[in-house]
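Step one of this worksheet: look at the structure below.
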Amino acid sequence: MPHELPKSYEPGAIETRWAEYWIKEKLFSVPTPPLGDTRPVFTLLLPPPNVTGRLHMGHMLNQTQMDIVVRWHRMRGFLALWLPGTDHAGIATQMMVERQLASEGKKRRDLGREKFIERVWDWKKHYGGAILDQMKRLGASVDWDREYFTMDENLSRAVREVFVRLYEEGLIYRGKYIVNWCPRCETAISDLEVKHEEVPGKLYEIRYPVIGSRESITVATTRPETMLGDTAVAVNEKDERYRHLHGKKILVPLMHREIPIITDELAQPEFGTGAVKVTPAHDPNDFQAGLRHNLPQIDVMDEHAHMNQNAGAYAGLSRHAARERVLADLKAQGFLVGETDYTIALGKCDRCGTVVEPRLSTQWFIKIKPLAKRAIEVVESGEITITPENYRQIYLNWMNNIHDWCISRQLWWGHRIPAWHCSCGEIIVAREAPAKCSKCGSSKPKQDTDVLDTWFSSGLLPFTTLAWPEKTRDQDVFYPTTLLITAYEILFFWVARMIMFGCHFMEGHKQDSVMKKASGWGAKKNDSVPFRQVYIHALVRDAERQKMSKTKGNVIDPLDIILRFGTDATRFTLAAMAAPGTDIAFSESRTDGYRAFANKIWNAARFMFMNVDRVDPGLRPVEHAVPTAGIPRFQASALEDRWILSRFNRVTKEVNEALATYRFHEAANRIYDFFWGEFCDWYLELIKPRLMSNAGDEARTACGNLVNLFDAAVRLLHPVMPFITEEIWHAIYDGKPPLRSVALASYPQVDEEQIDLAAETEMAVLQDLIVSVRQLRLDLKVEARIKIPIELFVHDAGTGISIMQNEEAIKRLAHVESITNVEEWRARQPPSRGTTRFDVHVVYERKIDVAFERGRLTKELEKIEKETINNRKQLGNDQFLAKAPPRVVEGLRKRAEELSVLHDKAKSKLEELGR
RNA sequence: AGGCCCGUAGCUCAGUUGGUUAGAGCGCUACCUUGACACGGUAGAGGUCUGGGGUUCGAGUCCCCACGGGCCUACCA
């Protein structure tokens, strides 16, 4: 038998099968389009997950949204390129391999740099692909032929090129500054990689004796151990209390070092004692003050944050131990004069949680202001739009306060800085290793040992993945990328840096003008931007709204959810909950509900096939390879046909609009309501008699409509639920589809001609009637099997005709034996119901529950009266009539009439009961 | 310190520019194995939209304050 679908919906088997098929068939591979191609183009760069990563809910949400958008564009005829790849993740990957080594009792230095890097590549080969394999399970429609890794040779070459150019332009410099240092990772990290945490601490007051006087000056500090490196004490010039001490010298307790008292704005009279110790080698503010006053920089710690020989007697102690010892000694010698509780914003390494140490060291930096300038302009001018809009301001605020970016890392794994140091002191920055020093001619310049911050290379991806610095056809077509969908967390890390680099290195770039225009970007002036739109997605929290974290143990594993409910249901959940700007509290009950939705679709399909196979086994939908409006071959004769066709078109319109504005939840909900609430609940029920009919072509036509409608609905849903729709779509064509995948079929578009307001209104009245009778039946506790007669009064001829024409449907769906037209008063006899269009009375011998019915009616009447009061108040208000739009006033007037009718009915029925 | 977001039915969430009667899923209640589906069908109960002011003809929606919850940015010791 054709069209066979298993009896029950089992997502697991279906999904793995299609996921493999899509990859095997290279369905989503996009070859370079030829010159003269006029198609619209859509490019999306996958935010590269870490090679060390495992799929989490954030990825899942991110990828679901991207896949929806990409599939939608592809089905609308766009040349849709989605570029996948992974990030080499310097610190994380190095940590991973170091851990592996540790289990063998080895350290990275035992192996040496080269061997270590070999190990990392080994590791990458074995475990690095995990997250991409997981992506494949999600059905992500990426172009696997273009998969990249940030350490690939071509991308590495581009990184060197960028570094050299920036250096030559004076935008990269090297210098000795205070940087954030992670003593565990043994590397510098950028400001962004430091996470601040408020912890209770103490503010210590230490007395420094003034030389040549009996006086002393008291400073406040949260880090007493750094006093060992103090080279001054600062007071504010305006502070009268210390005026007499200007120019005096003081003695650093414990170290017996003479240091000056300086006047500097660093010291604020209101805070603490108004005097502050200055430790240029251990605090960024003090560092700046030190430069202003030409103070010595005494570094008292080593790279592990242990005290060094400059710390005198404290050498060898950890910073924590040193603090204890220093405090004890100060106390013993009478220098510690106070300690108060104080909340400290402690900086910790984002990666490993170790307390970061501000450390004086020589690093490479990017002078960021010149790059930021253009990155601000393109957002301000709207060349790049950011959704939701509040992130635009956040971006601009950050950009306007940006600091230079430390890009060197003391790691082994990463892009090694293309600078060579000669013994003569010369530094040669070059694309390839120089044979000899350009200054002294020495033949052995050594390459800088540092590597670049991982974000340095990922910031280049929008163009380096398109062959930059070469100029290629791909670049002309696919750059700028169209959209970036990502998490707020990396707005600064990544998004901002891509914008800066893109605007800088792609300046003057022009996208293929025909394709640009076809894609809808004709009005955009700037093609140097890395993307035209940014969509920031929500954070996925657990059902209790808590942020998921490993330490809390509340992490929801998407693969586990997928295993239990299917990928389609999981995707649908995330889409349906993804209202822009709001976090998602993921709840399994929702996913469970959407699995039921998938099951509903499944069974509706089985029902369709059952009928098709009986009526016309060769029946196939009209092929829709090219975008067509509405459902052209749908033969709308009966009311329900016109109605469902209209509803389909309306929903199609809404879904397309929702997707265009990233309102994923709206798109998902529209489809859900349509498919279940309208198509299954009403349409299928209404056409059952015709499907079963033996008369002429009736069943054949009904089947034809059904198949064409179902096919269109499947295409409408496909971007959100790719697997079940693929399965059913192939089944519709009995395994011999006109295209290799529904993903290549066209996306439904609205045909305004097929929107039929009259049919929708007429249908609504019928639904009201059927529901009214059903309500009465339940109120009267009529047994389900029993059919009952109803008596009806209609208020207008149109309704009368409509009810007559659809008599059989009413009888069947409301379980009615006969319909008799009666006078109004009779139709209002309890038990009855009514709307402004009709009154219906149910003929049933059993007495109604008078008390219950009275209660119900009283409640109804109250509601009507309440609304009536409100309604009259408004209509009686001249201001309202004068100022409100006519549409609203008209609506209220119409409602007033309805209310009066409804009021009379309820009232008279109540009186009826009273008798 | 500055900024952002949230508080709507028992639970999880919608509610685009302020406009008529505030919605969905899950859960709950009653009835139903009607020939696709019990992962189902039919109907129902359940909300003074956190509280208090204000703007407006009109506020869940805009403004202010308070309370509660979350997040981000920041070099004040």
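Since the structure is predicted, the reported quantities are computational estimates derived from the model, not experimental observations. Residue numbers begin at 1 in each chain, while the letters A, B, ... track the order of the sequences.
The base of B:C75 is paired with the side chain of A:Asn285 by a donor and an acceptor separated by under 3.5 Å. Taking only distance into account, the side chain of A:Lys600 meets the base of B:C37 through a donor-acceptor pair shorter than 3.5 Å. In this model, no side-chain donor or acceptor of A:Arg590 finds a partner on the base of B:C26 within 3.5 Å. Between the side chain of A:Glu270 and the base of B:A77 there is no donor-acceptor pair of N/O atoms closer than 3.5 Å.
When the side-chain nitrogen and oxygen atoms of A:Tyr594 are compared with OP1 and OP2 of B:C39, none of them lie within a distance under 4.0 Å. In terms of phosphate contacts, A:Lys195 brings a side-chain nitrogen or oxygen within less than 4.0 Å of OP1 or OP2 of B:U73. For the OP1/OP2 pair of B:G41 and a distance below 4.0 Å, the side-chain nitrogens and oxygens of A:Trp676 include at least one atom meeting the criterion. For the pair A:His665 and B:G15, the criterion of a side-chain N or O lying under 4.0 Å from OP1 or OP2 is met. Regarding contacts with the backbone of B:G46, a side-chain N or O of A:Lys859 is found under 4.0 angstrom from either OP1 or OP2.
Looking at heavy-atom distances under 4.0 Å, A:Phe287 makes no contact with the nucleic acid at all. Residue contacts shown for A:Gln775 are limited to sugar-phosphate atoms, with no base heavy atom under 4.0 Å away. Looking at heavy-atom distances under 4.0 Å, A:Ala267 makes contact with a base. Looking at heavy-atom distances under 4.0 Å, A:Phe597 makes no contact with the nucleic acid at all.
Mapped onto RNA chain B by nearest heavy atom, A:Asn603 and A:Asn397 fall at different nucleotides, with A:Asn397 at the one closer to the 5' end.
Residues A:Glu865 and A:Thr868 bring no donor and acceptor atom of their side chains to less than 3.5 Å of each other.
Residue pairs meeting the side chain to side chain donor-acceptor pair (under 3.5 Å) criterion with at least one member in residues 657-671 of chain A, sequence neighbours excluded: A:Gln533-A:Tyr662, A:Arg663-A:Glu666.
Only the P atoms considered, B:C5 is 27 Å distant from B:G10, to the nearest whole Å. Going from the C1' atom of B:G19 to that of B:A59 covers 10 Å, rounded to whole Å. Taking atom C1' in both B:G15 and B:U8, one finds a spacing of 9 Å when rounded to whole Å.
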Would you mind writing out the side-chain donor-acceptor pairs for residues 282-292 of chain A within the sub-3.5 Å range, not counting sequence neighbours?
residue: A:His282; atom: NE2; partner: A:Asp299; partner atom: OD1; Å: 3.3
residue: A:His282; atom: NE2; partner: A:Val300; partner atom: N; Å: 3.0
residue: A:Asp283; atom: OD1; partner: A:Asn285; partner atom: N; Å: 2.8
residue: A:Asp283; atom: OD1; partner: A:Asp286; partner atom: N; Å: 3.1
residue: A:Asp286; atom: OD2; partner: A:Thr279; partner atom: N; Å: 2.7
residue: A:Arg292; atom: NE; partner: A:Asp264; partner atom: OD2; Å: 3.0
residue: A:Arg292; atom: NH2; partner: A:Asp264; partner atom: OD1; Å: 2.9

Under 3.5 Å, sequence neighbours excluded: what are the donor-acceptor pairs made by side chains of residues 876-894 of chain A?
residue: A:Asn877; atom: OD1; partner: A:Gln879; partner atom: N; Å: 2.8
residue: A:Asn877; atom: OD1; partner: A:Phe880; partner atom: N; Å: 3.2

Intra- and inter-strand pairs of RNA chain B in dot-bracket (Watson-Crick or G-U wobble, both distances under 3.5 Å; | for another strand)
(((((((..((((.....[...)))).(((((.......))))).....(((((..]....))))))))))))....
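For A:Glu10, there are no salt bridge (charged side-chain N to carboxylate O under 4.0 Å, His left out) partners, not counting sequence neighbours.
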Table of protein N/O atoms under 3.5 Å from nucleotides 16-21 of chain B N/O atoms:
residue: B:U20; atom: O2; partner: A:Gly891; partner atom: O; Å: 3.2
residue: B:U20; atom: N3; partner: A:Gly891; partner atom: O; Å: 3.4
residue: B:U21; atom: N3; partner: A:Arg895; partner atom: NH1; Å: 3.0
residue: B:U21; atom: N3; partner: A:Arg895; partner atom: NH2; Å: 2.8
residue: B:U21; atom: O4; partner: A:Arg895; partner atom: NE; Å: 3.4
residue: B:U21; atom: O4; partner: A:Arg895; partner atom: NH1; Å: 2.2

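A:Arg595 places its CZ atom 12 Å from the P atom of B:A38, with the value rounded to the nearest Å.
When side chains are defined from C-beta on, A:Ser190 does not count as touching A:Asn180, because their heavy atoms never get closer than 4.5 Å.
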